[in-house]
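Fair warning: this is a prediction, and the values are worked out from it, not measured in the lab. Values below: all heavy atoms of this structure, side chains included; hydrogens, waters and symmetry mates excluded. So you know, we letter chains A, B, ... as the sequences are listed, proteins then strands, and number each from 1.
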There are 2 protein chains.
Amino acid sequence: MSVLVVGSVALDSVETPFGKADDTLGGSGTFFAASASDFTSVRLVGVVGSDYPFDRLQALTKRGIDISGVERADGESFRWRGRYRHDLNSAETLETRLGVFSHFRPKIPAQFRQTPYVFLANIDPRLQLDVLQQVEKPKLVACDTMNFWIESRRSDLLQLLKHVDILLLNDAEARQLTEKSNLVKAARWIMERGPRHVVIKKGEHGAFMFTPDAIFFAPAYPLEDVFDPTGAGDSFAGGFIGYLSQKGTIDEAHLRRAVVYGSTMGSFAVEKFSIDRLLEIERRDIAKRLDAFGRLVAFESDPPENA
Amino acid sequence: MSVLVVGSVALDSVETPFGKADDTLGGSGTFFAASASDFTSVRLVGVVGSDYPFDRLQALTKRGIDISGVERADGESFRWRGRYRHDLNSAETLETRLGVFSHFRPKIPAQFRQTPYVFLANIDPRLQLDVLQQVEKPKLVACDTMNFWIESRRSDLLQLLKHVDILLLNDAEARQLTEKSNLVKAARWIMERGPRHVVIKKGEHGAFMFTPDAIFFAPAYPLEDVFDPTGAGDSFAGGFIGYLSQKGTIDEAHLRRAVVYGSTMGSFAVEKFSIDRLLEIERRDIAKRLDAFGRLVAFESDPPENA
């Protein structure tokens, strides 16, 4: 089954302690699509400006990503420029130029409207709601958001949550949205407002998934060399939704594996600039890291005689 | 097999968003002993002042903890006063009065010197080294430390590490000690200097254990109500070493379970002030939470047909 993602398609300029890259492929839609394309066929909706090096999106089409929903508008492309200091934990935004993205009104092409899995990447909740008006009975709707929308579009976001199956957000956003510092309470607050499942991403500290009956946790993979953290969260979402879409089943066992696939893809994303690493890995690399995740958390209970 | 712990025996006054408690039993030795006593017999060495409510240590002896190594010295007891704000993540120290602890010279009673498991809680590395001169061929030596000693007693600490099997410390301390922000690299740096195993505690974000061949991770238990985080790290150490001592085997499988028992005991410690919760739990509470930890991280790989 395929996945529709609506999000930003940007040009990122990033500086880390290990190097510098200008105008690389970036944006939540791009990272999500590159990551999910390892699992399923992906349909990307977004907008770029007239200055966008459109031929470079061929890297996506080669992976089977349908970019016919990426609109080209007159004006500048969305550009983000950021820097990571030595600890790599938080990006310092040096410049954000929304360009054509500030007038983005997603138009879902007719041939995409029946896509069973829909991911609303981090854009204005009003536009996320608008996308839901355009799609037809998706099997699963998941969305992300950010501090800016929680602050400025709170009521729209709460409206959106009523129509969302899974909310993915980071711990700071969960606390800001719910005004609860305890993440278990924050998750419950969110689940009372629509989503059946909540995934709270904690960056290098892993991710919690809350389902009606259980809590699941997956660590972030302890990499020795984190090169560029940009896009890790969207790559997580791509692995998570991509895997669910590949399997077509949304039960507890698949959701748990989906979180681990999400962590796996996030761990690959940070190994190189932009989507470079996501584009070069193969199925066997993913399978290998999934196994490593299993070994990372595996422990057995004491044999019965010691109980 | 029994455990010898050398550490502080203090009086804590703590304020959290949920309440306030004055002059409660505290200190690294106390928390460790209370936690480890759920697994094994514990011998506590420390010092208290003439003002210490010594009869309250009966709570420890009732648990089988041998306090004959707790010296009573003339002067004031070690007192710590702290406050936690709403997020409970970091203590604000309002007052530290070392009292008799500032002249503490641990004397290991003759009947304790052959204890097979030794835990050097967070005290001056020179004293930790001195304890190792007094004990006879322990099977396992583990230790903790803190930012103050890393800063002021670096060379003693490095000397100590040569004689230690397991170092337990938190992530900030690991980074400070090794000057490496990446924890995998930090752990390797430490393991090159003596300890065969390193446990890096990340508070609410769980704990990593590094062994020569593998990395293991256990999350902190996602509690809905964290009441008072004081002593969580020492309670972790108590569960970790207490379990190893109970089993008498130090292999990968036991070490992994030991980390989970450590997390389990840390999660109980924070449910009430002081060691109150540690003293009331029973074996079945521990077993139940250990099972919950198993469910928290459990996922299965895809069935082979999907591989």
Side-chain angles (χ1 to χ4, degrees), chain A residues 17 85-89 171 175 180-185 187-188 200 202-206 208 210 213-226 243 246-247 252-261 283-284 287 290-303 306-307, chain B residues 17 85-89 171 175 180-185 187-188 200 202-206 208 210 213-226 243 246-247 252-261 283-284 287 290-303 306-307:
Chain A
R85 301 291 187 170
H86 195 59
D87 74 355
L88 293 168
N89 283 335
D171 48 352
R175 290 184 168 118
K180 307 216 170 283
S181 62
N182 182 284
L183 295 181
V184 182
K185 288 181 177 163
R188 184 171 304 153
I200 299 183
K202 303 197 298 169
E204 64 160 334
H205 298 304
F208 277 112
F210 298 86
D213 306 314
I215 306 179
F216 176 67
F217 177 82
Y221 194 74
L223 290 169
E224 213 164 322
D225 293 293
V226 174
Y243 172 77
Q246 182 194 64
K247 296 301 174 190
E252 179 80 21
H254 283 83
L255 284 164
R256 285 175 174 241
R257 281 201 285 275
V259 172
V260 183
Y261 277 108
R283 282 271 161 111
R284 62 164 175 257
L290 196 88
D291 284 349
F293 266 102
R295 289 193 301 277
L296 179 61
V297 298
F299 72 95
E300 282 165 21
S301 297
D302 285 300
N306 297 315
Chain B
R85 301 292 187 170
H86 196 59
D87 73 355
L88 293 167
N89 283 336
D171 48 351
R175 290 183 167 120
K180 307 218 171 281
S181 63
N182 182 284
L183 295 181
V184 182
K185 287 181 177 162
R188 183 170 305 153
I200 300 183
K202 301 197 300 168
E204 64 158 335
H205 299 304
F208 277 112
F210 298 85
D213 306 314
I215 306 179
F216 176 67
F217 177 82
Y221 194 74
L223 289 169
E224 213 165 321
D225 293 293
V226 174
Y243 172 77
Q246 182 194 64
K247 296 301 175 190
E252 179 80 21
H254 283 84
L255 285 163
R256 285 175 175 242
R257 280 201 285 275
V259 172
V260 183
Y261 277 109
R283 282 272 160 110
R284 61 164 176 258
L290 196 89
D291 283 349
F293 266 102
R295 289 193 301 277
L296 179 63
V297 299
F299 72 94
E300 283 164 21
S301 297
D302 285 300
N306 298 316

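For A:Tyr243, the part lying under 4.5 angstrom from a heavy atom of chain B is the side chain only. With a 4.5 Å cut-off on non-hydrogen atoms, B:Val297 touches chain A through its backbone and its side chain both. Neither the backbone nor the side chain of B:Leu183 has a heavy atom closer than 4.5 Å to any heavy atom of chain A. Heavy-atom distances place both the backbone and the side chain of A:Ala298 under 4.5 Å from chain B. For chain B, no part of A:Arg283 is nearby; none of its heavy atoms comes within less than 4.5 Å. In this structure, the portions of B:Glu204 lying under 4.5 Å from any heavy atom of chain A include both its backbone and its side chain.
Of the listed residues A:Gly294, A:Ser301, A:Ala287, A:Ala218, the one with more heavy-atom pairs under 4.5 angstrom with chain B than any other is A:Ser301. Ranked by heavy-atom pairs under 4.5 Å with chain A, the list B:Leu296, B:Leu223, B:Leu290 is led by B:Leu296. Contact tally against chain B (heavy-atom pairs below 4.5 Å) for A:Lys180, A:Lys185, A:Arg188: the top residue is A:Lys185. Between chain A and the residues B:Lys202, B:Arg256, B:Arg175, the largest count of heavy-atom pairs under 4.5 Å involves B:Arg256.
Residue-environment remark: CD (B:Glu224) exceeds the threshold of 12 foreign heavy atoms within 6.0 Å.
In terms of heavy atoms, B:Ala220 sits closest to B:Gly203 at CB-O, 3.6 Å.
The side-chain heavy atoms of B:Val226 and B:Tyr221, taken from C-beta on, include no pair separated by under 4.5 Å.
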Open item on the list: Using side chain to side chain contact (heavy atoms under 4.5 Å, CB included), reason through B:Asp171 and B:His205 one step at a time and then give a plain yes or no.
Closed with: CA-CA 10 Å; B:Asp171 48 351; B:His205 299 304; 5.9 Å; no
- [ ] Begin from the C-alpha positions of B:Phe299 and A:Leu255 and carry the test side chain to side chain contact (heavy atoms under 4.5 Å, CB included) through to its verdict.
- [x] CA-CA 9 Å; B:Phe299 72 94; A:Leu255 284 164; over 6 Å; no
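Taken to the nearest 0.5 Å, the CG atom of B:Asp213 stands 7.0 Å off from the CD atom of B:Glu252.
Evaluated for a ring pair (Phe, Tyr, Trp, His ring centres under 6.0 Å) with A:Phe217, the options A:Phe210, A:Phe208, A:Phe293 yield exactly one hit, A:Phe208.
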